[in-house]
Participant: 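Below you'll find the structure I mean.
Letters A, B, ... mirror the listed sequences (proteins, then strands); counts begin at 1.
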Amino acid sequence: MIKQKIITDIINIFKQLDYRYKEPVIVEIPNNVEHGDYASNVAMLNAKSNKLKPIELAEQLAENLNKKRDYKSVEVAGPGFLNFRLSNPLYHQVLQYIHEQGTNYGASDYGQKKKVLLEFVSANPTGPLNVVSARAAAYGDSLYRIMNFTGFEPFREFYVNDAGNQVDILAESIELRYRELHGERIIEFPPEAYHGEYVRDLAIKLSVSEGAKLFHISDKDRLERMKNFALDEIHLMQVESLRRFDVDFDNWMSEKKLRQEGILEEALSYLAEAKCTYESEDAVWFCSSKYGDVKDRVLIKSDGNPTYLVPDIAYHITKYQRGFDIIIDVLGPDHHAHVLKLKAAIRALNYDVNKLEVIYLQQINIFDQGEKVKMSKRAGKIVTMDDLIKEVGRDAARYFFLDRKPSAHLNFDLELATKQSSENPVYYIQYAYARICSILKKAKKEKISLRNFDTGLLKKLNKNDEFRIIKHLMTYPDILIQAAEHREPHRLATYILELAGMFHKYYSKYKVIEDKYPELSKSRLYLIHAIKQVLASSLHLMGISAPEKM
RNA sequence: GCCCCCGUAGCUCAGUAGGAUAGAGCAACGGUUUCCUAAACCGUGGGUCACACGUUCAAGUCGUGUCGGGGGCGCCA
């Protein structure tokens with residue numbers, strides 16, 4: 001709010017002086033406190049177009065800004081920066097504002113109600129969710145919450161690949177284990193089959209309910225039966241894992257259903273209409289190289305089956321047809337080759353390719369006691385999402401996944417995540433929250449209430465440490481907008497760690513409740529209450545709990 | 001060969017939409033508790049922002065190239 005006010009003030013003076021200016025006008029908090037509370041480079045950026053030297057323009061602006069009483073001072077510095085120092089009452093107003101807004105503080109209409117489709121996790125329903133899915137879940141869900149809070153209208157979707165080759169292999173894997181259970185000796189378990197323990201568990205479950213009955217129906221029917229059974233079971237497993245992680249979806253889009261609706265044929269006919277397909281070597285090809293791909297791709301294999309590209313194109317057509325303004329795909333790092341083909345199709349069909357944003361989450365290495373944990377999907381040796389949550393807890397898992405920007409590789413240190421000390425940022429932050437709660441509890445016991453708080457007392461807050469905290473609190477809405485705009489929830493993690501640090505320092509330096517100074521105590525309670533609010537808000541947006549005591 | 005990501009303190013990483021003297025945590029060393037939770041705080045040291053060139057009043061940030069690390073490139077999904 002303060003930042004916006006400064007921007008508005010600057011623009012008004014430009015208009016008043018009849019000078020030109022470029023949008024956006026940039027105001028930021030300088031990292032050097034000697035450069036004031038806020039600084040702007042407008043004079044440097046707009047000097048040329050007004051045929052002035054940067055310093056001259058800056059001085060004229062400063063002169064007019066200084067006529068306002070809100071600023072303690074506006075100075076020209078360096079090559080033409082404007083340095084703003086806020087008056088104390090302005091700080092105190094911010095604090096009041098935070099209290100008035102309550103849990104809504106930080107919310108904005110920045111997103112202008114744009115409809116956003118957020119597709120994430122979308123793991124194959126052929127096994128338990130792994131740590132990569134866990135990262136995607138933490139990332140996608142947090143981004144959803146942040147976008148929701150900043151005025152977008154996001155929609156969470158999980159695409160279930162419950163059709164196609166992989167699923168057939170799953171059915172065959174179950175079949176083999178099922179036979180094994182009924183006494184047949186399986187000499188060789190094929191390498192492409194699913195080897196995980198859960199496959200055997202599913203076969204056992206099926207055996208318990210059906211016995212040997214399934215041998216009496218046709219092979220085709222039996223496989224179909226096993227497929228559907230396994231898909232349902234694994235889907236439920238995944239939903240449960242996600243729920244334990246406090247991640248939910250608005251829609252689970254089934255590939256099978258899309259296929260049943262004939263949407264694959266539709267997609268193919270659209271591509272044919274756009275004259276983008278041709279036949280060669282018994283296959284149907286898509287001339288994707290005309291639309292930015294490195295080479296053409298097969299749509300229908302020579303055996304008559306569609307490649308995975310077709311349902312994917314079809315699925316994305318539905319994304320466009322459903323009228324989203326922004327379409328975000330959160331993918332693993334191994335998909336960028338795939339995205340070239342997909343984008344080619346979108347161009348060929350004349351949809352706006354700029355609406356589609358692909359976020360690549362980079363890979364994860366799990367470290368245990370300093371050793372990298374080796375994972376092999378084929379051998380079924382993976383660290384599952386459930387394992388991880390069991391090991392380190394939901395809060396730590398979510399924090400560590402959000403702490404890194406999506407494009408960075410992530411090293412997950414199991415030891416660190418479970419440590420209960422200052423080395424572990426999750427505890428550091430939660431402890432700050434718990435400490436505040438504890439102080440507020442004490443205040444309640446001593447019958448100090450913030451109800452009917454006289455804001456005139458806020459002038460008691462005059463320490464630099466206090467102003468610094470308020471300054472940090474007032475950037476919260478900006479941080480959220482940036483996190484939403486850049487699709488980078490980790491900015492929030494960085495922010496909150498800093499806020500927690502500020503509080504811990506403040507706590508050890510000053511006493512909040514001092515019996516001798518009731519007015520000061522009240523003012524400080526008012527301050528830490530605002531910190532508590534922002535901590536609670538940002539923890540919630542990251543999907544991390546805020547414990548009242550630890 | 002082609003494509004994607006990364007390269008900032010001993011380690012793990014931030015660094016806002018290009019701004020002024022590059023930050024935090026951990027590790028190391030030294031200190032702090034009759035007091036609202038020591039899961040905390042204070043102090044000290046530590047850097048050619050991989051390298052080169054370019055764009056600009058201004059580059060860790062943008063562009064091109066080089067080097068180094070990781071991942072991906074089937075009529076598999």
Participant: Just call it for A:Phe367: base, sugar-phosphate, or nothing, with non-hydrogen atoms closer than 4.0 Å on any strand.
Facilitator: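 Result for A:Phe367 = nothing.
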
Participant: Can you measure A:Tyr428 atom OH to B:A24 atom C1' for me and round it to whole angstrom units?
Facilitator: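 Value for this atom pair: 10 Å.
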
Participant: Indicate, with a heavy-atom threshold strictly under 4.0 Å, whether A:Lys511 touches base, sugar-phosphate, or nothing.
Facilitator: base

Participant: Answer with base, sugar-phosphate or nothing: what part of the nucleic acid does A:Ala434 contact at a heavy-atom distance below 4.0 Å?
Facilitator: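 It contacts base atoms.
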
Participant: Mind checking A:Glu281 for me? I need base, sugar-phosphate or nothing, with any heavy atom below 4.0 Å counting as a touch.
Facilitator: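 Base, at least one base heavy atom under 4.0 Å.
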
Participant: Under 6.0 Å between ring centres, would you say that holds for A:Phe81 and A:His35?
Facilitator: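 No, the ring of A:Phe81 stays outside the 6.0 Å limit from the ring of A:His35, centre to centre.
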
Participant: Considering only the P atoms, how many Å lie between B:G54 and B:G60, rounded to the nearest integer?
Facilitator: 15 Å

Participant: Determine the contact category for A:Lys405: base if any of its heavy atoms lies under 4.0 Å from a base atom, sugar-phosphate if only primed atoms, P, OP1 or OP2 are that close, otherwise nothing.
Facilitator: sugar-phosphate

Participant: Would you kindly say whether A:His504 and A:Arg435 are connected by a side-chain donor-acceptor distance under 3.5 Å?
Facilitator: yes

Participant: Tell me whether A:Phe81 and B:A20 count as stacked here, given that the ring centres must be under 5.5 Å apart and the planes must differ by less than 30 degrees.
Facilitator: yes

Participant: Could you check which of B:G19, B:A77, B:A38 has an atom nearest any side-chain atom of A:Glu28?
Facilitator: B:G19

Participant: Yes or no on ring-ring contact (aromatic ring centres under 6.0 Å, His included) for A:Tyr139 and A:Phe401, after CA distance, side-chain angles and deciding distance?
Facilitator: CA-CA 7 Å; A:Tyr139 172 82; A:Phe401 283 133; over 10 Å; no

Participant: Do A:Asp465 and A:Tyr510 have side-chain atoms, one donor and one acceptor, less than 3.5 Å apart?
Facilitator: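 Side-chain D/A pair, A:Asp465 to A:Tyr510: present.
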
Participant: Ignoring hydrogens and angles, answer whether the base of B:C5 and the side-chain atoms of A:Ser407 contain a donor-acceptor pair closer than 3.5 Å.
Facilitator: no

Participant: Sticking with atom P, work out how far B:A9 lies from B:C49, rounded to a whole angstrom.
Facilitator: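 Between the two P atoms, the distance is 10 Å.
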
Participant: Spell out yes or no: do the side chain of A:Tyr427 and the base of B:A39 have one donor N/O and one acceptor N/O closer than 3.5 Å?
Facilitator: no

Participant: Relative to each other, are the rings of A:Phe453 and A:Tyr526 parallel, tilted or perpendicular (30° and 60° limits)?
Facilitator: parallel

Participant: Using a heavy-atom distance cut-off of less than 4.0 Å, which residues of residues 35-45 of chain A contact RNA chain B?
Facilitator: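 Contacting residues: A:His35, A:Ala39, A:Asn41, A:Met44, A:Leu45.
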
Participant: Could you tell me whether the side chain of A:Glu548 reaches within less than 4.5 Å of the side chain of A:Tyr433, counting heavy atoms only?
Facilitator: yes

Participant: Under 30°, 30 to 60°, or over 60°: which ring-plane class applies to A:Trp252 and A:His235, parallel, tilted or perpendicular?
Facilitator: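 Geometry flag for A:His235 against A:Trp252: perpendicular rings.
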
Participant: Mind checking if A:His490 touches a base, just sugar-phosphate, or nothing, with heavy atoms under 4.0 Å?
Facilitator: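 Here A:His490 touches the backbone only, sparing every base.
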
